[in-house]
2 protein chains.
Amino acid sequence: MPFDLILNNLEKHIHLTREEQEIFTAYLQPKKIKRKQFLLTYGEICKYSAFVTAGCLRGYTVDKSGIEHVLNFAPADWWIADMYSLISQKTGIQNIEALEDTDVLLLSKANQEKLYIQIPKFEHFFRILTENSLVASQQRLIDSLSLTAEDRYYNFCKRYPTLIDHLPQKQIASYIGVTPEFFSRMKSEMVRKR
Amino acid sequence: MPFDLILNNLEKHIHLTREEQEIFTAYLQPKKIKRKQFLLTYGEICKYSAFVTAGCLRGYTVDKSGIEHVLNFAPADWWIADMYSLISQKTGIQNIEALEDTDVLLLSKANQEKLYIQIPKFEHFFRILTENSLVASQQRLIDSLSLTAEDRYYNFCKRYPTLIDHLPQKQIASYIGVTPEFFSRMKSEMVRKR
DNA sequence: CAATTTTCTTAACCTACATCAAGTGCCGCC
DNA sequence: GGCGGCACTTGATGTAGGTTAAGAAAATTG
């Protein structure tokens, strides 16, 4: 079944009856995104939370000198959205792009809010999801303030073990917050050291 | 009434009946924290969310070279906790310290969970609170990756206008992620420029 | 599989910020 | 009301990581 992955994902925090599962899945909108295509771009209003069932997305911003900063990767079994825009319904600052051909299930903000009312367990689920994102985001902030690039790379490896040798180096460099040139140097340094 | 501030704070997102207000306030535990005393220290398990009614707290971590990194300030009308520890109930990494004599209302994790069940509106409230923290934390991460120290100082001023000339410079320096020495130099540079 | 684009590497030089050190002002406290 | 300590300043020097540039390797595309 195409909904197995997402239902299992929910099951980590809440238990749904069969009818509830059906209400939920009826709200979902499958979508395919080809490599290098965008689910969302800078200046749009984010109207969906996306759950990745196959492939991989990246969310990033572009600063005023044109440098990209990867905020998160979303491989299969992860949720992604521009939370700022989704919450405020103002124009967002994130781009969400497919790093390879990717399948997602979209849950519109409107449907998400209906779920909160119809099945309060979803309020619980998304609260926990948001809490976990908050902790991750805070930890990454601490890391960026206190760790060296090498240690941040190490943390990246722990967080996204499946992506390490699956992703162009420049994406990893952007995630840990260094230039591709420096990242390349750093990697060869790390090899030399051991 | 001592609960006015917190009830108003809730009212920004949810509306409570008089009975619900009473159930809620009965769960709160007032506490006074003297300047330089701690609400929570590194290695403890965080058991409370704290709402500040007067004074000001700061949450910070200490990295392995002994440098402090301020994660957030909590003046009156703000919530604060070590979210990582509160959620996971594992030993935390944050210190929460009073920058001046401070009054807080404590809501224990246990009571918070009772509220979620008794009055589901609280699940809604804390979901929104967490969402807003997430957005702020993400924005700060973006800032730390893409802005210069001067721009981050500018953002600090927008976020905490009441604190600017109320706080030792070294606290601000720590928040924006530079040494007190560099911050001092930067400030005099900024004055010279205009 | 050739052509083209994208990614990766290496090297020389540069900059924002850190570190160390020494000195000044100031506030709280016995 | 003097003094001990903390916050702040200023200067000299150090360093992680950035920038620019150019070529090599790899991956996409026709």
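Letters go in sequence order (proteins before strands), and every chain restarts at 1. Only a predicted model underlies this, so the values are computations on that prediction, with no experimental measurement involved.
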Worksheet item: CG of B/D151 versus C1' of C/dC17: gap in Å, rounded?
Response: 15 Å

Kindly list each side-chain donor-acceptor pair under 3.5 angstrom involving residues 120-128 of chain A, sequence neighbours excluded, with atom names and distances?
unit_1, atom_1, unit_2, atom_2, d
A/K121, NZ, A/H15, O, 3.0
A/K121, NZ, A/E20, OE1, 2.8
A/K121, NZ, A/E20, OE2, 3.3
A/E123, OE1, B/H124, ND1, 3.3
A/E123, OE2, B/H124, ND1, 3.0
A/E123, OE2, B/R127, NE, 2.5
A/E123, OE2, B/R127, NH2, 2.9
A/H124, ND1, A/R127, NH2, 3.3
A/H124, ND1, B/E123, OE1, 3.3
A/H124, ND1, B/E123, OE2, 3.0
A/R127, NE, B/E123, OE2, 2.5
A/R127, NH1, A/E131, OE1, 3.3
A/R127, NH1, A/E131, OE2, 2.7
A/R127, NH2, B/E123, OE2, 2.9

Discussion item. Using the side-chain hydrogen bond (donor to acceptor under 3.5 Å, both in side chains) criterion, which residues pair with B/K12? Sequence neighbours excluded.
Written reply: B/D77

Discussion item. Reading DNA chain D from 5' to 3', where do the contacts with chain A start and stop? Cut-off is 4.0 Å to heavy atoms.
Written reply: D/dG17 to D/dT28

Worksheet item: Can you name the residues that form a side-chain hydrogen bond (donor to acceptor under 3.5 Å, both in side chains) with A/D143, not counting sequence neighbours?
Response: A/Q139, A/N155

Worksheet entry | side chain to side chain contact (heavy atoms under 4.5 Å, CB included) against B/R140, all qualifying residues, sequence neighbours excluded | A/L141, A/L145, B/Y175

Worksheet item: When the distance from CE of A/M186 to P of C/dC8 is rounded to whole Å, what number comes out?
Response: 13 Å

Fill in: Under 3.5 Å donor-acceptor, B/D101 side chain and B/R35 backbone
yes

Worksheet item: Pairs in or reaching into residues 36-71 of chain B: which pass ring-ring contact (aromatic ring centres under 6.0 Å, His included), with residues at least two apart or in two chains?
Response: B/F51-B/W79

Worksheet item: Counting N and O atoms only, with roles assigned by atom type, does the side chain of B/S85 sit under 3.5 Å from a partner on the main chain of B/C46, one being a donor and the other an acceptor?
Response: yes

Worksheet entry | Which residues share a side chain to side chain contact (heavy atoms under 4.5 Å, CB included) with A/S88, sequence neighbours left out | A/Y84, A/K90

Hey, what are the protein-to-nucleotides 19-28 of chain C N/O distances that come in under 3.5 Å?
unit_1, atom_1, unit_2, atom_2, d
C/dT19, O4, B/R185, NH2, 3.0

Worksheet entry | Any residue of residues 152-178 of chain B with a heavy atom less than 4.0 Å from an atom of DNA chain D | B/P168, B/Q169, B/K170

Practice prompt. Can you sort out the partners of B/S108 under side-chain hydrogen bond (donor to acceptor under 3.5 Å, both in side chains), two or more places apart, ordered by chain and number?
Written response: B/N111

Discussion item. Donor-acceptor check, side chain of B/S174 to backbone of B/V70, threshold 3.5 angstrom: yes or no?
Written reply: yes

Worksheet entry | Donor-acceptor contact below 3.5 Å, side chain A/T53 vs main chain A/D103 | yes

Fill in: Atom-to-atom span, CZ of A/F183 to P of C/dT10 - whole angstrom
14 Å

Fill in: Estimated bend of the helix from C/dC1-D/dG30 to C/dC30-D/dG1 (axis per five terminal pairs, rounded to 10 degrees)
50°

Worksheet entry | Donor-acceptor under 3.5 Å (A/K109 side chain, A/L86 main chain) | yes

Item to complete: Output all residues satisfying side-chain hydrogen bond (donor to acceptor under 3.5 Å, both in side chains) with B/H166, sequence neighbours left out; order by chain, then residue number.
Response: B/E100

